[in-house]
Amino acid sequence: MPPSAPHQIDFIEEPQTFPYGEFFNKYLLTNSPCLFSAEFTQHWGSRKTWVTEENKPNWDHLLENFGNAIVPVANCNVKEYNANPKEQIPLCEFISYWRDYIEHNYHSPKGCLYLKDWHMSREFPKQNVYETPEYFTSDWLNEYWDSIDGDDYRFVYMGPKGSWTPFHADVFRSYSWSANVCGRKKWLLFPPGEEEDLRDSHRNLPYDVTSTCLRDTNQYPNFSLCCQPIEVIQEAGEVIFIPSGWHHQVYNLEDTISINHNWINGCNVSAMWNFLHTELLSVEKEISEWREMMEDWHLHCQVIMKSCTGIDYKEFYTFLRIIAEKRLLALDNLTEDTVDGSGPTNMAMLHPRGRLHALFDLKMTSDVLSLLISNQDFQNLDQESLSPSPCALMQRLEAVITENSQVCG
């Protein structure tokens, strides 16, 4: 038997006794998962209107308010690479399928369909559906995409009992949080690094970590070395925090609706950089034979990396720049007393919109920007279009951090 990992994560019961600073220190900085009780979401509009008294999806409300929306739906019965293929259909069509699926004892010739990655809040911003819990509001990823009026990483998931998501780690190695509006989920969590023992002989990760084929030592030679997953049952209303780089597989144990965000901040932006750096090295290795004969080989590597990950090095710089400029502006409008009136050096009393947090964000941005500037692949790119220049931004950040070093403690 593989060695065991802990089979439980911390459960946070009361919002009134759990300040942001405690979450920051105990879970963000340590990259550790936790589960929040249903008390943290009891005030959400969706917990009242999207759900019946029997804790089932409120079809009538969903159809009345969102029925014509076009939503992405995956087929859990079909494997396409290491994911499920998606199609775009009206929500009313998906709900019709879902109700019929339930009536036929969770069977359908269409397979098991799962609504995933619906940008509901972007399409219906005035709907009173939910509020992001304070613990997750230091969210650079969505802050950046909102500022450029681009994509976002805020999603709604809806799926019948038995729908599931294959084994994966989240985009950019971001954090994620997921709240069950109704229903129950089972999570299988693997701490960072454990996934390496799950790779097959070709270094590919499995599609389904519960598959018996993983016991084939010829195909999965290191499976016996991997710890057992941390299994978490998430009830209706509860919110789970998944840290950076934790691979996971998820099952809906009942008909379930959930709200999900991916997010990055100063605590894990280095993980995002490490992910992008590793992805680029993989691309460069894959097309290394064309290096000498291909004009602008480095640029082509960036294009391929962006097609695979959604971002390249120059956009990553823009991401860092926008966050840095917002924090610099925040410092001009904040005083030390902004941090809950408790004094600026008490990290336990940290507030996501306070001065101390802005300084922390600038320091983390500076650290990663330094790595980017010193990276040879970034240096090979034409940086004339980047304003301010990376070095000029770095100098400004260093000056502000030094000026405020006493405040930073």
Any ion pair linking [Y] and [X] (charged N to carboxylate O, less than 4.0 Å)?
| X | Y | value |
| --- | --- | --- |
| Asp382 | Lys314 | no |
| Arg184 | Glu235 | yes |
| Glu315 | Arg321 | no |

(message) Keeping Asn204 on the side-chain end and Asp200 on the backbone end, is there a donor-acceptor pair under 3.5 Å?
(response) no
Which of Asn265, Asn262, Asp139 passes side chain to side chain contact (heavy atoms under 4.5 Å, CB included) with Ser174? Answer is Asn262
Please give me the minimum heavy-atom distance between [X] and [Y], naming the atom from each residue.
| X | Y | value |
| --- | --- | --- |
| Ser258 | Asn180 | CB-OD1, 3.8 Å |
| Phe94 | Tyr114 | CE1-N, 4.2 Å |
| Trp140 | Phe319 | O-CE1, 3.6 Å |
| His357 | His351 | CB-O, 3.3 Å |

Applying salt bridge (Lys or Arg N to Asp or Glu O under 4.0 Å) to Arg99 and not counting sequence neighbours gives none
The side chain to side chain donor-acceptor pair (under 3.5 Å) partner of Tyr157 among Asp117, Asn260, Thr256 is Asp117
- Query: Arg291 versus His298: any side-chain heavy-atom pair under 4.5 Å?
  - Reply: yes
Discussion item. For a salt bridge (Lys or Arg N to Asp or Glu O under 4.0 Å) check, start with the C-alpha distance between Arg327 and Glu143, then their side-chain angles and the critical distance, and finish with the verdict.
Written reply: CA-CA 12 Å; Arg327 297 305 177 270; Glu143 182 180 357; 2.8 Å; yes
Legend entry - Within the 6.0 Å centroid threshold, strictly below: Tyr135 and Phe36: yes
